[in-house]
2 protein chains.
Amino acid sequence: MAQPNLPNLTVQQLEYLVAAAEGPTRAVAAASLGVTASALSQGLAELERRVGVRIFERQGRQTRLRPQANEVLTHARRVVAETRDLARWAGMQRTGQAGMVRLGTIDAVAVNHRAEAIRRHRRATPGLDLRLTVAPSGALLDSLLVGDLDLVVCVEPTGLVDGLVISPCLEELLYAYAPSDVHVGAPTEWGPWVTYPEGSHTRKVIAAGLSVLGAPFAVIAESNQPEVLREMVRLGMGWAVLPAAGAEAGAEPLTRARSRPVGVRRLVVARRADVVTDVAVDNLASVLLRG
Amino acid sequence: MAQPNLPNLTVQQLEYLVAAAEGPTRAVAAASLGVTASALSQGLAELERRVGVRIFERQGRQTRLRPQANEVLTHARRVVAETRDLARWAGMQRTGQAGMVRLGTIDAVAVNHRAEAIRRHRRATPGLDLRLTVAPSGALLDSLLVGDLDLVVCVEPTGLVDGLVISPCLEELLYAYAPSDVHVGAPTEWGPWVTYPEGSHTRKVIAAGLSVLGAPFAVIAESNQPEVLREMVRLGMGWAVLPAAGAEAGAEPLTRARSRPVGVRRLVVARRADVVTDVAVDNLASVLLRG
DNA sequence: CACTATACTTAAGATTAACTAAAGTATTAG
DNA sequence: CTAATACTTTAGTTAATCTTAAGTATAGTG
């Protein structure tokens, strides 16, 4: 489309021009750039040739800028400044202080286990655009695979997921909680249950744990939110198996029906395998793994 | 020396990046630049190396821009546009006064309001290479910002556009037109409508005007060309709100459904703010403002 | 009027960058 | 599976840029 061949000016040539305009003599300008006067002279001659307009003129034994040079000089200053900005941005990008990370976690991680770590990391890297999505584990892993998220903390998926790198992060003990007015008998008498919806990773862990204890698993209500499940137990709707952090927080914590846990929920940090290493993501991942 | 040596980017490398971002594939981009795909590939690899940030990634057999590339791409577009300005200035400097102006207008301006003014100006300055692009307002402003156009006459954008200088040019009254066989009742009975596509500046003006009148705005067909909309009304497909100049021209002019206008479309002359003053553009701009 | 320091420029040779053409590597489409 | 597509890599050539060293012109000094 637009074919009027542009002059192939280099940032270096523009730097030469800026330095030559600022220094009292070219020798000084050359020294401040760390090149020889000869290099500066040749570089400026080439710049003038490419722009195609006489920019310099001899006055005595000095070479001075002609009035026409002001347009070129303005252009040079602008491009040099813009390139400096770009270089600074690139430096921050390399060290992970800038950029964007789309983090997804289950609610227990964002609300309890890593809330403080995320807040600290956000304060420590103000240039970082950190976006947090809270959703169930399955949805998070789907988004990660599709590329809508960069980093996920969720319940360990059953079996290997192709294309993901998964690192163990922490383990949550799951306890059974009964409504306050109910007698806790043998596990065979437990229930009915309020729990996570069909398809939830945590529900699989709960079902397996209850099965080992010989407890029936009759589900009468479902929710993805542990706070909602906790309230259902408090209202006497049924029993629940929940991570202690969620069940025993707030003004009226639930009390465990049994001191030993029903199961263990293993939380992991996941990221795409094929993706180019991004320092910002690496940094956040290590913060989340450390706690 | 507080100088963290700047990357020696060349205008050519930045042009490569812009072309690569705009072309569907690198092969196409390379051809549009008149170089081989290999040259483009090597040039972009060198650019990436100098910036020091990964900006490309393979996706299937294509190489795509990573999100990080946007910063670099913005920089590239800006520097390329600035260099184009500089080159044009240099050309005028060399040739004395002749130059090139790339004018963009919406169709009503080129066809009706300023057709004669443009013809006169072309005759008056035979040395001027005046290029006219007719397109919708949004596309014109995009081209202007990118540097593909020097001067634009379009519908006034909503809100300030950064980097542009905008001067009011003229106002067009927009009237409602009904198919000839339709009874014109109260505005609440008007429609359905044929109008400009979603996103069009003019459409926003029309929608606001109809809303004030209490007329429903059910759209059954769209076109960017007022002639096409006029023909649709003539064929009885629906109602339209159009500038009088477009609707009431030709052999069979439409007649207004209501003598008072539905809205006002304000046309403006726009140009980039950062550009070096170009006498040729200045002259044309004042011709267009005067009429 | 030399004599010399200053301020650049030009020349020569080495290094580096950038191009084309051709071969290589995945990936997708039939 | 084969062919086509989309890039990248390699090899070899040409162009640009650097340094050192020599050249030119000017200004100040005795």
Side-chain angles (χ1 to χ4, degrees), chain A residues 3 5-52 54-66 69 76 83 147 162-163 272-276, chain B residues 1 3 5-52 54-66 69 76 80 83:
Chain A
Q3 282 285 53
N5 276 350
L6 291 183
N8 184 21
L9 310 181
T10 70
V11 166
Q12 199 160 56
Q13 287 163 355
L14 300 175
E15 277 188 281
Y16 283 5
L17 178 60
V18 171
E22 277 167 6
T25 72
R26 287 194 169 185
V28 173
S32 82
L33 290 168
V35 298
T36 62
S38 175
L40 188 72
S41 177
Q42 293 176 64
L44 290 175
E46 182 62 23
L47 172 66
E48 190 175 47
R49 198 185 63 70
R50 291 186 188 178
V51 173
R54 303 255 313 119
I55 301 175
F56 302 102
E57 62 192 353
R58 296 302 299 254
Q59 179 177 317
R61 60 183 168 184
Q62 295 209 21
T63 305
R64 317 211 82 160
L65 294 172
R66 302 181 72 204
T83 305
D162 200 39
R272 274 202 308 293
D274 60 341
V275 91
V276 190
Chain B
M1 270 185 283
Q3 300 221 353
N5 278 351
L6 291 184
N8 184 20
L9 310 182
T10 70
V11 167
Q12 199 160 59
Q13 286 163 355
L14 299 176
E15 277 189 279
Y16 283 7
L17 178 60
V18 172
E22 276 167 8
T25 72
R26 286 194 169 184
V28 173
S32 82
L33 290 167
V35 299
T36 62
S38 174
L40 189 74
S41 178
Q42 294 176 65
L44 289 175
E46 183 63 22
L47 172 67
E48 189 176 49
R49 200 184 63 72
R50 290 184 188 180
V51 173
R54 305 253 314 116
I55 54 183
F56 301 104
E57 64 189 353
R58 296 301 301 254
Q59 180 174 314
R61 58 184 171 187
Q62 296 213 36
T63 305
R64 319 212 77 157
L65 294 172
R66 304 183 68 205
V80 168
T83 304

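The basis for the numbers below is simple: all heavy atoms, side chains too, and nothing from hydrogens, waters or symmetry mates. Throughout, a chain's letter reflects where its sequence line sits, starting with A, and its residues are numbered from 1. Treat the numbers as computed from the prediction; the structure is a model and nothing was measured.
- For the OP1/OP2 pair of dC8(C) and a distance below 4.0 Å, the side-chain nitrogens and oxygens of T25(A) include at least one atom meeting the criterion.
- Rounded to whole Å, atom C1' of dC18(D) lies 14 Å from atom CG of L44(A).
- Each of dA7(C), dT9(C), dC18(D) was ranked by its minimum atom distance to the side chain of S41(A); first place goes to dT9(C).
- For R26(A), a side-chain nitrogen or oxygen approaches OP1 or OP2 of dT9(C) to under 4.0 Å.
- Rounding to whole angstrom units, CD of residue Q13(A) and P of dA16(D) are separated by 11 Å.
- The shortest distance between the side-chain N/O atoms of R50(A) and the OP1/OP2 oxygens of dT17(D) is below 4.0 Å.
- T36(A) comes within contact range of at least one nucleobase, with a heavy-atom separation under 4.0 Å.
- When heavy atoms are screened at a 4.0 angstrom cut-off, A39(B) is found touching base atoms of the nucleic acid.
- Regarding contacts with the backbone of dA25(D), every side-chain N or O of Q62(A) stays at 4.0 angstrom or more from both OP1 and OP2.
- In terms of phosphate contacts, Q12(B) brings no side-chain nitrogen or oxygen within less than 4.0 Å of OP1 or OP2 of dA17(C).
- Residue Y16(B) places at least one side-chain N or O closer than 4.0 Å to OP1 or OP2 of dC19(C).
- Remark on DNA chain D: of its neighbouring residues Q42(B) and P24(B), the 5'-side contact belongs to P24(B), judged by nearest-heavy-atom nucleotide.
- When the nucleotides dA18(C), dT9(C), dT8(D) are ranked by their closest atom to the side chain of A37(A), dT9(C) comes out on top.
- For R61(A), taking side-chain heavy atoms from C-beta onward, the closest of the listed nucleotides dC7(D), dA5(C), dA29(C) is dA5(C).
- In this model, the phosphate group of dC18(D) is not approached by any side-chain N or O of S38(A) to a distance below 4.0 Å at OP1 or OP2.
- Between the C1' atom of dT9(C) and the CZ atom of F56(A) lies a distance of 13 Å, rounded to the nearest Å.
- A donor-acceptor pair under 3.5 Å is formed between the side chain of E48(A) and the backbone N or O of I55(A).
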